[in-house]
2 protein chains.
Amino acid sequence: MVAERLLSDWVAAEVQLAPEIVPLLRRRYAILRALAVAAPVGRRALAERLSVPERPLRADLEVLRQQGILSVSAAGMSLTEGGKRAYLGLQPLVEQLLGLDVLAQQVRISFGLPMVQVVSGDADLDPFVIEEMGQSAAGLLVSWLRDPQAVLVVTGGTTVAAVGRALTARGERFPHLRVLPGRGGLGERVELQASTIAAQIATAAGASYRMLHVPDPISPQLYEELQRDPLIADTLAQITTGTLLLHGIGDARTMAERRGLSAEQVRSLLASGAQGEAFGFYLDANGRIVRETPALGVRLEQLPRFQHILAVAGGSAKVAPVLAVLRFYHRMQLAPTLVTDEACARGLIHIAKEEQPWQ
Amino acid sequence: MVAERLLSDWVAAEVQLAPEIVPLLRRRYAILRALAVAAPVGRRALAERLSVPERPLRADLEVLRQQGILSVSAAGMSLTEGGKRAYLGLQPLVEQLLGLDVLAQQVRISFGLPMVQVVSGDADLDPFVIEEMGQSAAGLLVSWLRDPQAVLVVTGGTTVAAVGRALTARGERFPHLRVLPGRGGLGERVELQASTIAAQIATAAGASYRMLHVPDPISPQLYEELQRDPLIADTLAQITTGTLLLHGIGDARTMAERRGLSAEQVRSLLASGAQGEAFGFYLDANGRIVRETPALGVRLEQLPRFQHILAVAGGSAKVAPVLAVLRFYHRMQLAPTLVTDEACARGLIHIAKEEQPWQ
DNA sequence: CCATGCGGGTCAAAAATTGTCCCAAATGGA
DNA sequence: TCCATTTGGGACAATTTTTGACCCGCATGG
């Protein structure tokens with residue numbers, strides 16, 4: 001605690017004296033993160049993924065190379081051992097330098113949440129930011145997963161998938177754990193399915209799991225029929241015993257299209273004010289439910305039963321969806337933990353300052 | 001201790017990731033130091049004293065102004081309250097960032113000294129560096145001055161005068177202390193005389209002092225005569241009871257000229273290899289005494305009696321003189337504490353690496 | 001009161017950065 | 001084994017930024 005306090009003082013003085021180090025460290029740290037995740041990677045590919053012009057990136061890479069932080073080969077660039085150490089050791093410093101801790105506290109207070117974590121960057125510009133959100137969320141999750149009663153319910157999506165990868169990478173085992181998908185199958189990509197992620201997490205953690213072999217937008221006829229299937233019914237029953245909920249937050253239009261809604265249906269959905277989506281509910285800017293997807297899985301009335309709800313989403317395009325979900329939870333008198341990125345957090349703060357958070 | 005350790009780790013990682021902050025912080029810190037000492041000061045005067053081109057300085061000043069670190073008026077620029085706080089709080093960070101602690105350790109080990117302190121900058125280029133050396137030396141001194149038995153012997157010179165100013169500024173009082181000049185009058189400038197500095201320190205500390213009203217280069221006839229003077233004899237006797245010695249280190253040529261030696265005498269002195277001077281002794285590169293100034297004051301055989309000897313000198317031009325003095329002490333089997341600046345310390349290390357420190 | 005030194009403005013020259021090529025070599029999937 | 005692809009590094013003109021060298025009106029302090 002003392003050390004942290006001192007660090008923040010030093011950082012504050014340093015930033016005051018030399019504010020130009022902030023964008024500098026931001027860039028360099030993003031490069032390290034990218035290399036830590038995707039090495040070996042080439043200069044052009046890196047520029048593409050970081051949404052940065054190639055030549056400036058080259059200048060940065062040159063400095064890092066001379067510092068012995070990265071090694072180059074014909075296959076691309078990788079972090080050296082020292083570079084990995086620097087990357088890992090730098091996280092608290094970068095958080096301080098970029099003011100991420102302050103940002104997280106602002107979001108936490110503004111929206112009345114129990115805990116908020118903010119990672120550096122913008123997931124829309126730099127795909128590696130999603131991985132870092134995943135690691136951050138995984139860190140929170142494992143502390144909850146130690147509970148022998150823990151039953152984890154997960155949804156699908158790219159961000160939740162990143163949490164799964166991060167949990168797998170940690171290699172910690174929770175044999176008593178049970179992992180369940182909170183939704184059925186949605187879209188085509190198998191690695192983003194709730195069932196797939198549940199299975200991945202459970203396998204890595206040495207835990208048990210169930211899959212939910214139902215389509216996500218479900219027709220009324222199938223609804224009754226599938227509920228009578230004993231295996232499905234059992235899985236649904238187990239979901240009601242969940243203690244931890246991990247879910248992503250979607251953009252209304254994207255999710256509607258992924259669920260195969262017609263252009264007309266999408267138009268009507270958006271006309272009704274839908275901004276965000278979470279586990280099947282489309283929410284407007286005030287957090288009101290605009291439309292509920294007919295599907296099997298975690299249900300509205302179950303939400304209060306979870307001990308912890310962890311929402312993960314980032315990128316500047318997710319500001320409105322996240323805002324919708326946070327207001328939805330506020331209406332429900334629930335308080336989820338939020339893991340997001342810098343761009344999204346700044347957007348949330350910007351809006352919170354302009355208007356009353358709860359209208 | 002923990003905090004320091006962590007700080008150094010963070011700093012190491014930060015410097016690795018963004019080495020360009022080192023010259024940046026070096027410049028900005030020098031500006032803060034100058035403003036802390038000499039405010040209010042104008043842009044051109046500042047550029048002159050810092051030996052920096054005006055336009056780049058202006059760019060730095062612009063940043064610092066926008067950061068609210070300095071305030072401008074028609075009389076010049078000054079530090080704001082926040083700027084003063086940043087300046088004071090930044091010292092340990094700057095020491096780490098510029099590697100001054102490492103440098104000090106290298107000098108300490110290379111020359112077998114008990115303690116070495118290094119301040120940032122080059123006294124030859126930036127006159128404020130002398131003030132910082134003074135503050136550093138004053139910090140060491142006060143810890144020794146708490147000893148009720150303390151008797152402090154000081155020499156003259158610009159650097160020792162800066163120590164006197166710094167001690168005065170601290171405002172701590174040592175009523176039991178006795179301060180004595182280690183040399184007679186030398187040159188014309190009263191504020192650089194050993195007696196003047198002794199009186200200044202003693203007055204500020206509420207201590208007692210004596211003056212030594214004798215010329216420094218003294219003729220053989222006067223030598224006997226003045227020693228018979230009861231007041232002078234008593235002062236000389238008191239000097240033999242000294243427990244702490246504070247002295248500067250001079251360049252041989254400069255000191256010889258200041259003592260009024262003829263051009264011929266100076267030439268012969270330099271031809272005999274004289275590099276440095278300390279309390280009257282001219283020393284060659286190996287630390288051998290080349291010539292002893294006939295004078296009254298602290299004598300060679302007294303040196304081992306001091307509990308602490310503190311040598312203060314800086315600037316790249318003082319490398320050879322300091323080296324000569326350090327080797328002299330090594331021959332005497334004495335180990336002084338050294339306060340110097342970055343430029344001088346790097347010069348010492350450079351030489352120590354090339355040759356064996358003791359031949 | 002007035003001369004000195006103050007901050008700030010201006011602008012051409014110089015330096016650094018950036019955009020956009022190219023290339024030989026190594027890679028890795030077929 | 002081969003060959004399409006991607007790698008890092010070189011080169012260089014276009015562009016932006018920084019630097020040097022002025023000038024000006026004005027507050028300040030002797």
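Just so it is clear: chains get the letters A, B, ... in the order the sequence lines come, proteins before strands, and each one is counted from 1.
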Nearest-nucleotide wise, let me know which of A:Arg43 and B:Ser73 is further upstream toward the 5' end of DNA chain D.
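Its nearest nucleotide being more 5', the pick is A:Arg43.
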Please give, in whole Å, the distance from [N] [atom2] to [X] [atom1]?
{"X": "B:Arg49", "N": "C:dG5", "atom1": "CZ", "atom2": "C1'", "result": "15 Å"}
{"X": "B:Glu54", "N": "D:dC22", "atom1": "CD", "atom2": "P", "result": "11 Å"}
{"X": "A:Asp60", "N": "D:dG8", "atom1": "CG", "atom2": "C1'", "result": "16 Å"}
{"X": "B:Leu70", "N": "C:dC6", "atom1": "CG", "atom2": "P", "result": "15 Å"}
{"X": "A:Glu62", "N": "D:dG8", "atom1": "CD", "atom2": "C1'", "result": "11 Å"}
{"X": "B:Leu61", "N": "C:dC6", "atom1": "CG", "atom2": "C1'", "result": "13 Å"}
{"X": "B:Gln66", "N": "C:dG8", "atom1": "CD", "atom2": "P", "result": "11 Å"}
{"X": "A:Leu35", "N": "D:dG8", "atom1": "CG", "atom2": "P", "result": "10 Å"}

D:dG9 base to A:Arg65 side chain: any donor-acceptor pair below 3.5 Å?
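In this structure, the two groups form no donor-acceptor pair.
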N/O donor-acceptor pair, side chain A:Arg44 with base D:dG8, under 3.5 angstrom:
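Pair found.
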Of all the choices, [options], which nucleotide is nearest to the side chain of [X] once you look at every atom?
{"X": "A:Arg58", "options": "D:dG20, D:dG9, D:dT7", "value": "D:dG9"}
{"X": "B:Pro56", "options": "D:dT7, D:dT19, D:dC22", "value": "D:dT19"}
{"X": "A:Arg55", "options": "D:dC12, D:dG9, C:dG8", "value": "D:dC12"}

For B:Ala74 and A:Ala59, take the nucleotide of DNA chain C holding the closest heavy atom to each; which residue's nucleotide lies nearer the 5' end?
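By nearest-heavy-atom nucleotide position, the 5'-most residue is B:Ala74.
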Tell me, do [X] and [Y] make a side-chain contact under 4.5 Å, heavy atoms counted?
{"X": "A:Glu48", "Y": "A:Arg44", "answer": "no"}
{"X": "B:Asp126", "Y": "B:Asp122", "answer": "no"}
{"X": "A:Met77", "Y": "A:Leu64", "answer": "no"}
{"X": "B:Leu79", "Y": "B:Leu32", "answer": "yes"}

Ion pair A:Arg346/A:Glu342, N-O distance below 4.0 Å
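Yes.
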Using a cut-off of 4.0 Å on non-hydrogen atoms, how would the nucleic acid contact of B:Pro53 be classed: base, sugar-phosphate, or nothing?
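If one applies the 4.0 Å heavy-atom cut-off, B:Pro53 turns out to touch the sugar-phosphate alone, with no base involved.
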Hey, does A:Val52 reach any base, or is it just sugar-phosphate, or nothing, if we go heavy atoms under 4.0 Å?
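No contact at all - A:Val52 keeps every heavy atom at 4.0 Å or more from the nucleic acid.
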